[in-house]
Engineer: 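For reference, the structure I am asking about is given below.
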There are 2 protein chains.
Amino acid sequence: MDKEQLKENFASALKQENLKRTPQRFAILEELVSSDEHRECTDIYFALRNQGISVSRATVYRTMDILVKYDFARRLDIGDGIARYESKVGISHHDHLICLECGKIIEFLNRDIESLQQSICNDFDFDMIRHTHQIFGVCPDCKSK
Amino acid sequence: MDKEQLKENFASALKQENLKRTPQRFAILEELVSSDEHRECTDIYFALRNQGISVSRATVYRTMDILVKYDFARRLDIGDGIARYESKVGISHHDHLICLECGKIIEFLNRDIESLQQSICNDFDFDMIRHTHQIFGVCPDCKSK
DNA sequence: TATATTTATGAGACTCAATCTCACAATAAA
DNA sequence: TTTATTGTGAGATTGAGTCTCATAAATATA
Ligand SMILES: [Mn+2]
Ligand SMILES: [Mn+2]
Ligand SMILES: [Zn+2]
Ligand SMILES: [Zn+2]
């Protein structure tokens, strides 16, 4: 998806929520989408400030909620009390291997697990909305140290 | 496992950590293990207080860390910023379906997923230490309302 | 364009789970 | 016991996240 199209889509989401188009909101979208990392709000806050963009922490937190609601971003909770966000624009679903030594996050996708997961939900008559599958351990780099 | 044996095992863990046997520590173990729920520290704190047992929040938090380290308990993070703990004594591994409407937690185990998970780790040369597989959605009770 | 109306922004106050502090209490080795 | 060591607990502190509200900016209207 090209950058202009993305902005249009975000503008549509804002319109649907009766929210105004502001430079801060677009800057936050741009910062997250142009990155392939799992970003913390504080990290995005400082990244924009360092680019000379006026923004507050509150605006970053508020905008992240919109990005998640409209599927531009996914929130990642790895149990350390800090929310991380990754772009969903042009990115397909995946789950995560998380290194407990260095914090590295490796992505994986397994279609068999995904479908087994769905059949578990069917068995329990449970409607799945989302899921997280996180494997914690030691990555190859950290093992060889 | 009988209650006396459990106390013995916990006492061994305490000895291994050079920690003393205190009434508070045993009370916290007992409170968690005799429950089949996913308990918050604050909840355990009040449960003990209501039983007339003198304990502080700090002691509950500190003791939970020991219980987790020695495999008497598992910590559960469902992304709401509150840690929950469940007994592992006599309980086999399982993962969770979590209802976003009512907060109910349903347990599941799928051996195929467990083994696929292990093969993913092999492929990435990643040493798994633990994993969490959480499926969020709407439970049967909440659907029929 | 000018003006009115509505909504957003941001600095800092606030919340709340969790952790830390430290004076005092309890434990256990000898 | 005695004594050294560790634990306890009330309250202070931390830190991610949320809230407040005066001001600024965006958009609707004339
Ligand atoms: Mn998945
Ligand atoms: Mn599992
Ligand atoms: Zn690593
Ligand atoms: Zn429910």
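Lettering follows sequence order; numbering is per chain, from 1.
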Engineer: Within this structure, what is the CG-to-P distance between A:Leu48 and C:dG10, rounded to whole angstrom?
Structural biologist: 10 Å
Engineer: Without decimals, in angstroms, what is the distance between A:Arg21 CZ and D:dA28 C1'?
Structural biologist: 15 Å
Engineer: Across the strands shown, which category fits A:Thr42 at heavy-atom distances under 4.0 angstrom: base, sugar-phosphate, nothing?
Structural biologist: nothing
Engineer: When you measure only distances, ignoring hydrogens and angles, does the side chain of A:Arg62 come within 3.5 Å of the base of C:dG10 through a donor and an acceptor?
Structural biologist: yes
Engineer: Just by modelled atom types, is the A:Glu31 backbone N or O under 3.5 Å from a matching donor or acceptor in the A:Ser35 side chain?
Structural biologist: no
Engineer: Without decimals, in angstroms, what is the distance between A:Phe26 CZ and D:dA25 C1'?
Structural biologist: 14 Å
Engineer: How many whole angstroms separate atom CG of B:Asp43 from atom P of C:dA17?
Structural biologist: 12 Å
Engineer: Could you check whether B:Glu40 gets within reach of a base, just the sugar-phosphate, or nothing at all, counting any heavy atom under 4.0 Å?
Structural biologist: nothing
Engineer: State yes or no: do B:Ile98 and A:Leu76 share one hydrophobic cluster built from I, L, V, M, F, W and Y residues joined by side-chain heavy-atom distances below 4.5 Å, directly or via other members?
Structural biologist: no
Engineer: For A:Arg57 and A:Thr42, indicate whether the former's side chain and the latter's backbone hold a donor-acceptor pair under 3.5 Å.
Structural biologist: no
Engineer: I need the CG-P distance between B:Leu14 and D:dG7, as an integer number of Å.
Structural biologist: 9 Å
Engineer: From the options C:dG10, C:dA18, D:dG9, select the nucleotide whose nearest atom is closest to the side chain of B:Ala83.
Structural biologist: C:dA18
Engineer: Please report the distance, rounded to the nearest Å, between CD1 in A:Ile66 and C1' in C:dA8.
Structural biologist: 10 Å
Engineer: Report the distance from atom CZ of B:Arg57 to atom P of C:dA18, rounded to the nearest whole Å.
Structural biologist: 10 Å
Engineer: Name the closest nucleotide to the B:Ile82 side chain, picking from C:dA17, C:dA8, C:dG10.
Structural biologist: C:dA17
Engineer: Toward the 5' end of DNA chain C, which comes first, B:Asp77 or B:Lys15, by nearest nucleotide?
Structural biologist: B:Asp77
Engineer: Counting only side-chain N and O atoms of A:Thr59, is one of them less than 4.0 Å from OP1 or OP2 of C:dG10?
Structural biologist: yes
Engineer: With nearest nucleotides of DNA chain C determined for A:Thr22 and B:Arg75 from heavy-atom distances, which residue corresponds to the more 5′ nucleotide?
Structural biologist: A:Thr22
Engineer: To the side chain of B:Gln24, which of C:dC20, D:dT8, D:dA26 is closest?
Structural biologist: D:dT8
Engineer: Is A:Leu14 reachable from A:Val68 through a run of hydrophobic residues whose side-chain heavy atoms are each under 4.5 Å from the next?
Structural biologist: yes
Engineer: With a 4.0 Å limit, can you tell me whether A:Arg49 has a side-chain N or O closer than that to the phosphate oxygens OP1/OP2 of C:dA11?
Structural biologist: yes
Engineer: Is the closest side-chain donor-acceptor distance between A:Gln134 and A:His96 under 3.5 Å?
Structural biologist: no
Engineer: NA contact type, B:Arg25, heavy-atom cut-off 4.0 Å: base, sugar-phosphate, or nothing?
Structural biologist: sugar-phosphate
Engineer: Let me know, please, whether A:Lys20 or B:Val55 comes out on the 5' side of the other along DNA chain D by nearest nucleotide.
Structural biologist: B:Val55
Engineer: Rounded to the nearest Å, what distance is computed from the CG atom of residue A:Leu76 to the C1' atom of nucleotide D:dA16?
Structural biologist: 16 Å
Engineer: Whether A:Tyr61 contacts D:dT18 is assessed here as follows: a side-chain N or O lying under 4.0 Å from the phosphate OP1 or OP2. Is that the case?
Structural biologist: no
Engineer: Cut-off 3.5 Å, side chains only: do A:Glu114 and A:His133 have a donor facing an acceptor?
Structural biologist: no
